[in-house]
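Just so it is clear, the values below take in all heavy atoms, side chains as well, and ignore hydrogens, waters and symmetry mates. Small disclaimer: the values here were computed from a predicted structure and weren't measured. One-based numbering along the sequence shown.
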Amino acid sequence: MDINVDGSSESSQQQKSHYILPSDSRETGRLNLQHRLIVKAFDGKLVSAPLTFKSGDRVLESGAGSGIWTLEFWKEYSQKNIHLDIKCIDISRDQFPSQVPSSVHFSLRSILDVPLEWSDQFTFVHQRLLVAALPRPLWHKALHQIYRVLKPGGWLELVESHAKIRKFAVGPNSKNLALISDRMFESKDFVGDTEVYLPPVMREMGFVDVHCEGRDVPISNSRSVVDDDGLDRVQIWYDLWKGFKGSILAGGGYGIVSSEEEYESLLLGCKDEWHNSTEAYTSYWTIIARKPE
């Protein structure tokens, strides 16, 4: 069951040039914990789209990362005796698992440039957390590619974090962090409100049955550092912003910080504010849409 990594393209490098988080073991661990938060927020469901799978259906995961979503999805349906052919793509192989089931295939490639032979092949496409990876024009290109590879009647599900209204800004430090985030997103032409911006774009491309659903997820509460599910939400959120450090410093600190030491101090101040607040939240959205028959 050794993994088979293939494929590469200029589009992979183009998308990689915009991605502002690392692809190391620390980030893999953070993403896997974030996966648990997202699944819990959406009532324990890995899929929100209203479709029924059957053996032989092909599924594409874009931005697969460590493969945690795919491997749990594969296990869930294998236990129902439904055997799916799953392709997973990402612009970096660094987080790919070392072993996967024989019906799961990982490729080093970008959603911006998927093979022509994949056209009209997939019953379901799942893509998650590319809000800090795709500038506005590349969202259009990515959605065109997804529409092309979906079978008529197939479903797309995007899962994104809202990054425009900063519900984590609960004190002076986290308010400064929100300013940094806003300026960084503006400078890179990232879409902070994908749940508002993308549905009209999707409908214009031909998608139907477009639907959005959001969940507010508390970053912490003052009663306990660790959630009842064992997740230290403050630490997960802190580690996310640690991951952004390189891009923020490369942007000159966006007028708020001027050195690594200042940024680290700011994050520690944010951590204290989040620990002591019941008002710090982040939001996740699912956006589902169908390619018409």
J.: Salt bridge between D239 and K242, side-chain N to carboxylate O under 4.0 Å?
T.: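 No, no charged N to carboxylate O under 4.0 Å.
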J.: Identify every side-chain donor-acceptor pair in residues 191-198 under 3.5 Å, counting partners at least two apart or on other chains, and give the distances.
T.:
residue	atom	partner	partner atom	Å
E195	OE1	H162	ND1	3.4
E195	OE2	H162	ND1	2.7
Y197	OH	H140	NE2	2.7

J.: Are F73 and F53 an aromatic pair, judged by ring center distance below 6.0 Å?
T.: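 Between F73 and F53, which both carry aromatic rings, the centre distance is below 6.0 Å.
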J.: For D85, is there an ion pair with R58 - N to carboxylate O distance below 4.0 angstrom?
T.: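 Salt bridge: yes.
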J.: Regarding Q95 and S66, do their side chains bring together a donor and an acceptor under 3.5 Å, going by distance alone?
T.: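 Side chains of Q95 and S66: no pair found under 3.5 Å.
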J.: Scan side-chain atoms only and decide if E262 and S258 contain a donor-acceptor pair under the 3.5 Å cut-off.
T.: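 Side-chain D/A pair, E262 to S258: present.
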J.: Without hydrogens or angle criteria, can the side chains of Y77 and E72 be said to hold a donor-acceptor pair below 3.5 Å?
T.: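 Looking only at side-chain atoms, E72 and Y77 do not form any donor-acceptor pair under 3.5 Å.
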J.: Determine whether D90 and R109 satisfy the following criterion, salt bridge (charged side-chain N to carboxylate O under 4.0 Å, His left out), listing intermediate values before the conclusion.
T.: CA-CA 6 Å; D90 206 302; R109 63 175 75 250; over 6 Å; no
J.: Check this for me: does any side-chain nitrogen of one of E264 and K245 sit under 4.0 Å from a carboxylate oxygen of the other?
T.: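 Answer for the salt bridge query: yes.
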J.: Can you see whether S103 engages W74 through a side-chain donor-acceptor pair at a distance of less than 3.5 angstrom?
T.: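 There is such a pair between these side chains.
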J.: So, S283 versus K167: side-chain donor-acceptor pair below 3.5 Å or not?
T.: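 K167 and S283 do have a side-chain donor-acceptor pair below 3.5 Å.
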J.: Between K291 and E293, is there a side-chain N and carboxylate O pair less than 4.0 Å apart?
T.: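 Between E293 and K291 there is no salt bridge, as every charged N stays at least 4.0 Å from the carboxylate O atoms.
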J.: Any chance the rings of Y281 and F168 have centres within less than 6.0 Å?
T.: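 Ring-ring flag for Y281/F168: false, centres at least 6.0 Å apart.
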J.: Indicate whether the side chain of T286 and that of E213 have a donor and an acceptor atom separated by less than 3.5 Å.
T.: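 There is no such pair between these side chains.
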J.: How about K87 and Q121: does a side-chain donor come under 3.5 Å of a side-chain acceptor?
T.: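 On atom types as modelled, these side chains do not qualify, holding no pair under 3.5 Å.
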J.: Among all residues two or more places apart in sequence or in another chain, which pass the salt bridge (charged side-chain N to carboxylate O under 4.0 Å, His left out) test with E76?
T.: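 Partners of E76 by the salt bridge (charged side-chain N to carboxylate O under 4.0 Å, His left out) criterion, ordered by chain and then number, come out as K80.
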J.: For atom NZ of K75, is the number of surrounding heavy atoms from other residues, nucleotides or ligands below 6.0 Å larger than 12?
T.: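 Counting other residues, nucleotides and ligands, NZ of K75 stays at 12 neighbours or fewer.
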J.: For R136, which residues count as a side-chain hydrogen bond (donor to acceptor under 3.5 Å, both in side chains) partner, sequence neighbours excluded?
T.: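 With sequence neighbours excluded, R136 shows a side-chain hydrogen bond (donor to acceptor under 3.5 Å, both in side chains) to D189, given in chain and number order.
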